[in-house]
Amino acid sequence: MNLNRKGYYTAAALGLIILSMGLGMGWFAGRISESQQPESITVKEPEEQENAPVAAEERFAVTTVNVFGCGHIIERDEGVTATAREAEGLMQQYGGCNYELKDSRMMLYREFGYCCPEHYFTGVQDGRLAVFETDRQSFEKTEVCPLNIPAGSETYGELAAGMEFDALEDINLYIEGTEDAEGAEEAEE
């Protein structure tokens, strides 16, 4: 590229101007950011909750976490407080099998092998097939009604193994449907 003297000096001058503007802007920007930053910054590592020792007298609100065989979970604030030392006694009182101290609460975990109060379920108790429900207050399993189904039938086996239903009518429809199907099979033979 052949530049005449005038073009060469113009290009050099423009380059110097651009360079000085860039340096000036960088210096100016650096001065602004320095004035906005605090004198010293102290970084503190977060404390892990699990490693923090629990004071012996620290009280926790007791919550039971009830896990049912249908997969539903019901948490209930028990309205009492307890220390970590009292956890063993509370676990026996509420039938809890495990506990956890979390967010100022003592969580007592209980597992039930049957459905929550939202369902009816079938099973065998005292040698008889019956429909059960769970009490909403105590979570105790109570019998609703016995089922008179022959012990050797396929329906008996399914209901004895345990089935869940949303309403009593659903149980009746299920039994009627299986009886109709079994009756049709016997008629074909």
Side-chain angles (χ1 to χ4, degrees), residues 48-52 54 56-189:
E48 292 185 20
Q49 188 75 13
E50 294 176 15
N51 293 340
V54 176
E57 283 73 39
E58 185 176 354
R59 298 198 72 77
F60 298 90
V62 176
T63 300
T64 54
V65 180
N66 305 285
V67 182
F68 293 91
C70 60
H72 291 138
I73 297 172
I74 299 175
E75 286 189 23
R76 181 184 289 170
D77 179 11
E78 295 298 331
V80 297
T81 60
T83 65
R85 284 189 220 169
E86 297 168 334
E88 289 293 323
L90 284 172
M91 287 169 53
Q92 290 175 356
Q93 178 184 346
Y94 289 103
C97 57
N98 203 355
Y99 80 96
E100 176 182 323
L101 301 176
K102 180 180 177 182
D103 300 328
S104 301
R105 295 185 334 184
M106 180 182 295
M107 311 290 280
L108 297 175
Y109 293 93
R110 301 190 298 181
E111 292 186 26
F112 297 93
Y114 46 85
C115 296
C116 74
E118 297 298 316
H119 306 286
Y120 292 95
F121 54 98
T122 61
V124 177
Q125 184 172 336
D126 300 328
R128 5 182 267 191
L129 184 62
V131 174
F132 300 93
E133 67 181 344
T134 302
D135 181 70
R136 292 190 180 281
Q137 295 303 312
S138 67
F139 299 134
E140 295 283 326
K141 171 173 103 169
T142 58
E143 184 176 324
V144 175
C145 64
L147 294 173
N148 296 322
I149 297 176
S153 70
E154 186 178 322
T155 304
Y156 181 92
E158 291 172 348
L159 294 172
M163 294 182 71
E164 69 180 65
F165 297 91
D166 292 332
L168 288 173
E169 295 82 27
D170 295 341
I171 298 171
N172 289 330
L173 290 173
Y174 177 80
I175 293 171
E176 288 173 8
T178 57
E179 287 175 348
D180 290 344
E182 287 177 4
E185 287 176 8
E186 290 175 9
E188 288 178 7
E189 294 175 4

Criterion salt bridge (charged side-chain N to carboxylate O under 4.0 Å, His left out) on R136 and E118, from CA distance to verdict: CA-CA 9 Å; R136 292 190 180 281; E118 297 298 316; 3.2 Å; yes

Between M91 and L108, does the side-chain contact (heavy atoms from CB on, under 4.5 Å) criterion hold? Intermediate values first, please. CA-CA 7 Å; M91 287 169 53; L108 297 175; 3.7 Å; yes

What verdict does the side-chain contact (heavy atoms from CB on, under 4.5 Å) test give for I175 and L147, after you've listed the backbone C-alpha separation in whole Å, the side-chain angles of each residue and the deciding distance to 0.1 Å? CA-CA 10 Å; I175 293 171; L147 294 173; 3.9 Å; yes

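Counting heavy atoms from C-beta on, the side chains of E100 and Y109 come closer than 4.5 Å. At a threshold of 4.5 Å between non-hydrogen side-chain atoms, the residues V65 and I73 count as touching. Within the 4.5 Å cutoff, no side-chain heavy atoms of Y156 are placed close to those of E154. Within the 4.5 Å cutoff, no side-chain heavy atoms of T83 are placed close to those of F60.
A side-chain donor-acceptor contact under 3.5 Å links N66 to the backbone of I74. Although no hydrogens or angles enter the test, the distance criterion places a donor-acceptor pair under 3.5 Å between the side chain of R110 and the main chain of Y94. When atom types are taken as modelled, the side chain of D135 and the backbone of Q137 share a donor-acceptor pair closer than 3.5 angstrom. With hydrogens and angles disregarded, no donor-acceptor distance shorter than 3.5 Å links the side chain of R59 to the backbone of V80.
In plain terms, the two heavy atoms of V131 and T122 that are nearest each other are CG2-CG2, 4.4 Å. The heavy-atom pair separating F68 from P117 by the smallest distance is CZ-CD, 4.3 Å. Scanning all heavy atoms of the two residues, the minimum distance from S153 to I149 falls at OG-CG2, 3.4 Å. Minimum heavy-atom separation, L90 to M106: CD1-SD, 3.9 Å. The two residues C115 and T134 come nearest to each other via the heavy atoms O-OG1, 2.6 Å.
Between C97 atom SG and E111 atom CD the span is 5.0 Å, to the nearest 0.5 Å.
E143 and R128 are joined by a salt bridge, as a carboxylate oxygen and a charged side-chain nitrogen come within less than 4.0 angstrom of each other.
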Donor-acceptor list for residues 157-169 side chains, cut-off 3.5 Å, not counting sequence neighbours:
unit_1	atom_1	unit_2	atom_2	d
E158	OE1	Y174	OH	2.1
D166	OD1	H119	ND1	3.0

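Listed by chain and residue number, E133 satisfy the side chain to side chain contact (heavy atoms under 4.5 Å, CB included) test with T142 (two or more places apart in sequence, or in another chain).
For CD of Q93, the number of neighbouring non-hydrogen atoms (other residues, nucleotides, ligands) closer than 6.0 Å is greater than 12.
With hydrogens and angles left out, the side-chain atoms of T63 and E75 include no donor and acceptor closer than 3.5 Å.
Checked options F121, F139, F132; the residue passing with Y114 is F121 (criterion: ring pair (Phe, Tyr, Trp, His ring centres under 6.0 Å)).
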